Amino acid sequence: MWLLTALIVADGATSAAATPLNPFRYEAQAQRHCPTDTVVWLDFRKEIYYLKRQKRYALGSTGSFVCLNEARSNRYRRSLLGLR
């Protein structure tokens with residue numbers, strides 16, 4: 001009984017409620033999915049996202065369009081590369 005209680009408490013304390021990540025092939029699809037959020041280009045291999053005004057936005061074969069809040073809640077980080 002004690003072990004089960006400890007597992008439930010430990011799991012509840014460490015798990016963050018991440019929003020499911022919904023990747024889209026086209027920017028318009030992502031914008032329809034999250035009309036009030038910013039759409040970003042997520043590079044899965046590098047685990048970073050790019051904003052629309054950044055040079056690498058929508059470039060590369062290892063990425064997809066996603067909502068900014070979903071990317072952040074799944075612990076992807078913002079690219080620090082320059083803006084256009």
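It should be emphasised that the depicted structure is a prediction, and the values quoted were computed from it without experimental measurement. When a residue number appears, it is its place in the shown sequence, counting from 1.
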**Asked** Roughly how far, to the nearest 0.5 Å, is OG1 of T36 from CD of Q31?
**Response**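 Nearest 0.5 Å value for the CD-OG1 distance: 8.5 Å.
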Side chain of [X], backbone of [Y]: donor and acceptor closer than 3.5 Å?
X   : Y   : value
N74 : Y76 : no
Q29 : R32 : no
E47 : R77 : no

Considering all heavy atoms of both residues, which atom of [X] and which atom of [Y] are nearest to each other, and what is their separation?
X   : Y   : result
G60 : W41 : O-CZ2, 3.5 Å
I48 : S79 : CD1-CB, 4.1 Å
L68 : D37 : N-OD2, 3.3 Å

**Asked** Using a distance-only test with no angle check, is there a side-chain donor-acceptor pair under 3.5 angstrom linking R72 and Y49?
**Response**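 Per modelled atom types, R72 and Y49 side chains form a pair under 3.5 Å.
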Does any part of the side chain of [Y], heavy atoms only, come nearer than 4.5 Å to the side chain of [X], both counted from C-beta?
X   : Y   : value
F65 : L42 : no
L51 : Y57 : no
K55 : L81 : no

**Asked** Does atom OH of Y26 have more than 12 heavy-atom neighbours, drawn from other residues, nucleotides or ligands, at distances under 6.0 Å?
**Response**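 Check fails, neighbour count at 12 or below.
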Please report, to 0.1 Å, the donor-acceptor pairs under 3.5 Å made by any side chain of residues 17-25, with sequence neighbours excluded.
unit_1	atom_1	unit_2	atom_2	d
N22	ND2	H33	NE2	3.1
N22	ND2	E70	OE2	3.3

**Request:** Only counting residues at least two apart or in another chain, list the ones meeting salt bridge (charged side-chain N to carboxylate O under 4.0 Å, His left out) with E27.
**Result:**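 Listed in chain order: K52.
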